Amino acid sequence: MTGNTKPRLGLVKTTDSSLDGLQDLFNPPRLSKPEMHLLLKPFFVLDRQGERFKPIEYVYSVVQDSKAITRRWWVEPHSQYGLPGPFDRDVTLAIYEIVNENYFAKSLPVPQVMPIGSLRDFAARMGIDPNSGKNRTAIKDSLKRLKNTLVDSEETFFDNKKKSYVSVSFRLLAGVGFVRESNGSGGKNEENFVIFDQVILSNLNSGYVSVIDLEAIQKLKTNIAKQLYTHLAYRFFVEAQDGDQCWVADYDWLTIHLGIKPQIELWRAKEQLEAAHEELKELGYISDYQWDQWRVLYRPGLVWKGEQLRRQRGGCRQVAMPVESLKRHDSAVQHSEPHDPLIPALAAFASGLSVGEERIKALGLTIEQAKILCTEKNIPLNNR
């Protein structure tokens with residue numbers, strides 16, 4: 001994919017309204033601490049016209065021990081409930097606020113069966129009308145959808161205890177239960193609860209979590225902004241550990257991970273993300289953003305920096321978040337999937353895979369150009 005118009009650099013100045021998010025700097029933040037996979041990998045479909053009953057397949061390559069390794073992430077929708085959408089994302093964040101509030105904050109292990117309180121209280125956590133019967137029904141349906149959405153990963157699920165990628169099939173929730181409904185043993189449930197899938201529970205209790213400020217995310221109105229926020233919260237933290245002050249994301253990567261329809265014209269891509277970008281700028285979560293053809297450069301704003309200060313002052317440390325360096329080294333495993341669409345093609349080309357040259361040519365590159373790019377990106381040309 002190449003740009004068909006001269007890119008308009010969307011450099012945006014932070015407005016005074018960005019300071020609003022720092023007014024509560026010294027107050028304890030409302031934090032959600034989700035297990036990282038389902039918030040940071042393709043799972044939620046945000047487009048209203050999105051195909052909610054079509055599986056999500058995401059295949060990418062990484063370089064490991066000088067070889068191209070293919071990883072696959074597959075999300076299978078339930079025949080009745082379909083794929084999770086933006087409401088399910090908000091339900092997920094509420095679940096993980098309970099995790100943090102009742103367990104992490106008290107240094108307690110997360111149980112496999114976790115009470116979630118009344119559906120009215122749960123709705124209040126989400127910032128929606130707790131007295132609406134429609135909202136309470138939607139929450140129940142969402143929990144069932146999360147229980148029935150299957151993820152199949154091939155060397156794509158990071159097992160934090162083993163410190164390695166594994167192939168595993170899992171769901172966020174292995175089960176759900178609602179008060180006064182049958183418990184399957186001749187009695188009635190006395191409370192609402194969720195049952196975590198074992199692999200999710202293991203990562204939670206070994207600290208493989210992200211940190212989301214619910215007060216910030218609930219101020220956002222557009223679904224794309226909310227989903228982009230979850231990636232920015234993590235990526236800014238990772239880049240800061242590497243000494244970088246920005247995050248660069250490829251548009252194709254964003255469409256996959258935000259669950260939105262890819263556009264083939266650059267001006268439409270900019271238009272598609274404009275509302276989310278402007279909202280995040282107005283909130284002060286990003287100080288500016290800049291299009292460079294089909295890539296977007298994001299810089300953290302005062303509100304993101306304020307979140308870090310609030311967590312430090314409130315004793316809310318970043319729980320064992322793995323710093324997944326985006327800089328590639330010859331012998332290192334690249335733990336996070338690449339943002340650059342060239343990486344999989346270059347890795348296949350460098351390793352001499354049969355599809356390598358085809359993918360290079362499809363991207364409009366010559367063999368010599370591909371070799372130069374491999375050198376620039378530290379991808380060894382072992383078979384070239």
Side-chain angles (χ1 to χ4, degrees), residues 24 27-41 43 84 88-128 130 139-140 142-147 149 151 157-163 168 170-179 183 189-218 229-230 233-234 237 307-308 310-323:
D24 297 326
N27 296 329
R30 282 182 59 203
L31 297 181
S32 176
K33 295 186 178 178
E35 196 280 341
M36 294 175 65
H37 284 87
L38 299 187
L39 264 292
L40 297 179
K41 281 192 164 58
F43 188 71
D88 306 295
R89 185 259 331 278
D90 295 345
V91 166
T92 299
L93 291 176
I95 290 173
Y96 285 122
E97 183 188 21
I98 296 173
V99 167
N100 182 57
E101 187 178 286
N102 292 344
Y103 303 99
F104 287 157
K106 299 176 182 178
S107 298
L108 296 173
V110 182
Q112 186 167 22
V113 180
M114 185 182 79
I116 61 171
S118 72
L119 294 181
R120 282 186 170 84
D121 289 344
F122 197 94
R125 286 183 184 276
M126 295 176 63
I128 59 178
I139 291 170
K140 292 176 71 172
S142 175
L143 291 171
K144 293 175 183 177
R145 183 177 297 107
L146 292 170
K147 177 178 75 75
T149 303
V151 178
F157 186 92
F158 188 77
D159 186 316
N160 199 40
K161 286 187 175 180
K162 297 179 179 178
K163 302 300 180 185
V168 64
F170 68 96
R171 296 175 171 84
L172 169 60
L173 303 176
V176 298
F178 302 106
V179 66
N183 62 11
N189 293 322
E190 297 181 357
E191 58 187 355
N192 300 305
F193 61 87
V194 297
I195 304 173
F196 288 111
D197 191 294
Q198 188 58 51
V199 297
I200 295 292
L201 184 67
S202 176
N203 270 0
L204 282 175
N205 283 322
S206 62
Y208 193 71
V209 300
S210 184
V211 182
I212 303 296
D213 189 319
L214 284 178
E215 292 172 345
I217 202 171
Q218 288 181 353
Y229 167 96
T230 63
Y234 170 67
F237 178 82
E307 283 182 4
Q308 310 311 303
R310 289 173 70 195
R311 292 167 188 167
Q312 293 169 13
R313 291 179 180 273
C316 302
R317 64 188 178 88
Q318 204 93 0
V319 182
M321 178 175 288
V323 179

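Treat the numbers as computed from the prediction; the structure is a model and nothing was measured.
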**Q** With side chains defined as the heavy atoms from C-beta onward, is the minimum distance between I200 and L172 less than 4.5 Å?
**A** yes
**Q** Tell me, please, which residues at least two apart from N205 pass side chain to side chain donor-acceptor pair (under 3.5 Å).
**A** none
**Q** Side chain of Q112, backbone of F196: donor and acceptor closer than 3.5 Å?
**A** yes
**Q** Under 6.0 Å between the ring centres of F43 and H37?
**A** no
**Q** Below 4.5 Å, heavy atoms only, C-beta onward: do I217 and L93 meet side chain to side chain?
**A** yes
**Q** For A124 and P130, work out which heavy atoms get closest and say how close.
**A** N-CB, 4.2 Å
**Q** Would you compute the distance between atom CZ of F178 and atom CG of L143 and round it to the nearest 0.5 angstrom?
**A** 5.0 Å
**Q** Considering only heavy atoms from C-beta outward, does the side chain of L146 approach that of V194 to under 4.5 Å?
**A** no
**Q** N203 side chain to N160 main-chain N or O, any donor-acceptor pair under 3.5 Å?
**A** yes
**Q** Which heavy atom in P111 sits nearest to a heavy atom in L201, and how many Å separate them?
**A** O-CD1, 3.6 Å
**Q** Side chains of D159 and V199: closer than 4.5 Å at any heavy-atom pair?
**A** no
**Q** State the CD1-CE distance between I95 and M126, to the nearest 0.5 angstrom.
**A** 9.5 Å
**Q** Flag the pair I212 / P34 as yes when at least one side-chain heavy-atom distance between them is below 4.5 Å, and no otherwise.
**A** yes
**Q** Look only at the side chain of Y229 and the backbone of D213, and say whether a donor-acceptor pair between them is shorter than 3.5 Å.
**A** yes
**Q** Let me confirm one number: the NZ-OG distance from K162 to S202, rounded to the nearest 0.5 Å.
**A** 9.0 Å
**Q** Quick one: does any side-chain atom of R30 pair with a main-chain N or O of R125 as donor and acceptor, under 3.5 Å?
**A** yes
**Q** Is there side-chain contact between N100 and V211, with at least one heavy-atom pair below 4.5 Å?
**A** no
**Q** Count the heavy atoms belonging to other residues, nucleotides or ligands that lie under 6.0 Å from CD of Q198, then report whether that count exceeds 12.
**A** yes
**Q** Please examine the side chains of Y103 and M114, heavy atoms only from C-beta on, and report whether any two atoms are closer than 4.5 Å.
**A** yes
**Q** Check R89 against L39 and note the closest heavy-atom contact, atom names and distance.
**A** CG-CD1, 4.4 Å
**Q** Could you walk me through whether V151 and L38 pass side-chain contact (heavy atoms from CB on, under 4.5 Å), step by step?
**A** CA-CA 9 Å; V151 178; L38 299 187; 4.1 Å; yes
**Q** Quick check for you: to the nearest 0.5 Å, what is the distance between E35 atom CD and L40 atom CG?
**A** 9.0 Å
**Q** Measure the shortest side-chain to side-chain distance between K41 and F157 over non-hydrogen atoms and say whether it is less than 4.5 angstrom.
**A** no
**Q** As an exercise, state the distance from CG of D88 to OG1 of T149, rounded to the nearest 0.5 Å.
**A** 7.5 Å
**Q** Restricting to side chain to side chain donor-acceptor pair (under 3.5 Å), what partner residues turn up for E191, sequence neighbours left out?
**A** none
**Q** Between L108 and N102, does the side-chain contact (heavy atoms from CB on, under 4.5 Å) criterion hold? Intermediate values first, please.
**A** CA-CA 8 Å; L108 296 173; N102 292 344; over 6 Å; no
**Q** So how far is it from L119 CG to N192 CG, rounded to the nearest 0.5 Å?
**A** 4.5 Å
**Q** Which heavy-atom pair separates K161 from S206 by the least distance, and what is that distance?
**A** CG-CB, 4.0 Å
